[in-house]
Amino acid sequence: MALPHEPEFQQAYNELVSALEDSTLFTEKPEYKKVIPVVSVPERIIQFRVAWENDNGDVEVNNGYRVQFNSALGPFKGGLRFHPSVNLSILKFLGFEQIFKNALTGLSMGGGKGGCDFNPKGRTDSEIRRFCVAFMRQLARYIGSDTDVPAGDIGVGSREVGYMFGAYKQMQNNWSGILTGKGLSWGGSLIRPEATGYGVVYFVEKMIEKATGGKESFKGKRVAISGSGNVAQYAALKVIELGSTVVSLSDSKGCIISQTGITPDQIKAIAAAKIHFKTLEEITKESASLFSGSNEVQYIAGVRPWTHCGQVDVALPSATQNEVSGEEAKALVEAGCKYVAEGSNMGSTKEAIDVFEANRSKAVWYAPGKAANCGGVAVSGLEMAQNSQRVTWAAEEVDEKLKNIMYTCFDNCYATAAKYSAEKDAENLPSLLKGANITGFIKVADAMFDQGEVF
Ligand code: GLU
């Protein structure tokens with residue numbers, strides 16, 4: 001059971017359990033209750049010291065972790081996060097979410113998460129490389145293509161995956177698909193970088209289609225996005241391609257707002273500068289000509305976009321956990337927002353979810369991260385499949401598979417929500433919060449019964 005000193009994990013646990021309890025699932029199948037105390041304890045947690053050499057020749061020490069949460073559906077699978085806030089509560093929440101998210105992809109992957117309280121911001125490339133080698137020196141013995149396959153998350157992109165892959169291969173004398181998000185020339189999958197952002201947009205396409213009976217699409221919609229990393233960048237590019245206006249992006253220091261729409265060139269400039277840890281404030285100042293004139297953006301320091309973006313139809317929180325408060329959720333609803341889908345994991349606070357769910361009767365529709373952002377790990381699953389077969393699929397083929405996975409995920413969440421909704425809910429749009437949690441849970445729970453882990 002979660003301990004009170006793990007607030008993020010407790011929050012993720014409460015979200016799942018209250019979604020299950022607030023449905024007819026346990027009345028119809030009471031045996032599922034037995035799964036909760038088992039599934040909420042990780043199969044294994046590995047914690048290790050990462051001692052590495054900085055550019056001054058000094059030793060620095062960080063705490064490394066891998067939470068191998070659940071392997072009922074396949075090898076443990078989930079990203080690595082390098083961020084100073086990383087601790088066991090954060091990694092247990094992320095690992096717990098990952099179990100049910102991976103189940104929702106329909107692919108054969110268990111759930112896990114790992115990372116380190118190392119802060120990559122302001123570090124040189126050499127320091128990042130030495131850190132990654134030191135981190136993998138410990139992690140290498142616990143992972144494997146049929147055991148546990150990490151990938152990226154906040155602070156871990158293709159550069160870090162490359163350094164860790166190289167370190168693993170040197171240490172183990174073994175070239176296999178032990179990480180996903182690899183470079184395209186050495187085992188990576190086309191569309192993996194785009195997958196989380198594109199996937200969120202494909203999921204919301206279905207929400208809009210269903211809610212409007214096919215009358216509306218992304219065309220002409222105003223979309224508020226937070227974050228400016230991998231997920232936010234590709235979500236923004238895809239919604240622009242589909243005819244929407246992106247009114248915001250953000251980072252940990254502030255946000256940019258554009259009433260006419262952030263342009264693909266601006267997004268590409270942000271992507272290039274973010275690899276070097278530049279802030280949006282620095283980027284908009286340093287590339288002033290790109291961010292002025294008819295494409296002017298307003299930079300607002302110290303705030304998230306939600307209360308500054310004006311009228312919007314769609315909000316895609318794509319930065320980090322708990323990035324939408326109850327007050328901000330109210331502001332979004334008042335600004336006309338009808339669709340909220342999380343590119344980030346647990347992007348909404350409990351208070352924000354309560355606001356969105358309470359407004360379902362007014363056609364506000366909320367999709368939790370475990371459903372809306374499963375496209376990233378789904379294409380990781382496709383990368384594993386390509387590695388096993390030693391083949392490379394074309395971009396169009398991967399994109400088509402990703403679309404199908406997101407559409408099927410939406411259909412499953414929708415159908416499950418409708419099936420297990422309590423009577424009082426019947427006249428509203430079905431709760432995707434419940435649909436996602438119940439669908440993911442049933443799949444994992446059934447596998448655990450079959451494998452004798454619950455009886
Ligand atoms: N970190 C991503 C997530 O939260 C991707 C994990 C993966 O590709 O294994 O789902």
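Everything numeric here is computed off the predicted structure, so don't read it as measured data. Atoms within a ligand are numbered from 1 in the order they appear, just like the ligands themselves. For the numbers below, each heavy atom of this structure counts, side chains included, while hydrogens, waters and symmetry mates do not.
- Comment: D354 engages K350 in a salt bridge, judged by a side-chain N to carboxylate O separation of less than 4.0 angstrom.
- Nearest protein heavy-atom contact of atom 5 (C) of ligand 1 is R192 NH2, 3.4 Å.
- The aromatic rings of F441 and Y32 lie perpendicular to each other, with more than 60° between the two planes, well past the 30° mark.
- Atoms of ligand 1 found under 4.0 Å from any heavy atom of S380 (numbered from 1 in listed order, with element): 7 (C), 8 (O), 9 (O).
- Near N345, meaning under 4.0 Å from any of its heavy atoms, are these atoms of ligand 1: 4 (O).
- Of the residues listed (E323, E327, E328), the one engaging R304 in a salt bridge (Lys or Arg N to Asp or Glu O under 4.0 Å) is E328, and it is the only one.
- Heavy-atom contacts of G78 reach the following atoms of ligand 1: 9 (O) (cutoff under 4.0 Å).
- Heavy atoms of Q98 approach ligand 1 to within less than 4.0 angstrom.
- For F356 and W365, the gap between ring centers reaches or exceeds 6.0 Å.
- Among protein heavy atoms, atom 10 (O) of ligand 1 sits closest to K101 NZ, 2.8 Å.
- The residue among A378, G152, G376 with a heavy atom at the shortest distance from atom 2 (C) of ligand 1 is G152.
- Ranked by closest heavy atom to atom 7 (C) of ligand 1, the top entry among A151, G199, G111, A195 is A151.
- The aromatic rings of W52 and F118 stand perpendicular to each other, their planes meeting at an angle above 60°, with 30° marking the opposite boundary.
- Aromatic ring pairs are classed by plane angle as parallel below 30°, tilted from 30° to 60° and perpendicular above 60°; the pair F9 and Y13 is tilted.
- Distances below 4.0 Å separate heavy atoms of K113 from the following atoms of ligand 1: 1 (N), 3 (C), 4 (O).
- Note on D148 versus K77: no salt bridge recorded, every NZ/NE/NH1/NH2 to OD/OE distance being 4.0 Å or above.
- Of all protein heavy atoms, the one closest to atom 6 (C) of ligand 1 is G79 N, 3.6 Å.
- When ring centroids are compared, F82 and F131 come within the 6.0 Å threshold.
- The nearest protein atom to atom 9 (O) of ligand 1, hydrogens excluded, is given as K77 NZ, 2.7 Å; this is a heavy-atom distance.
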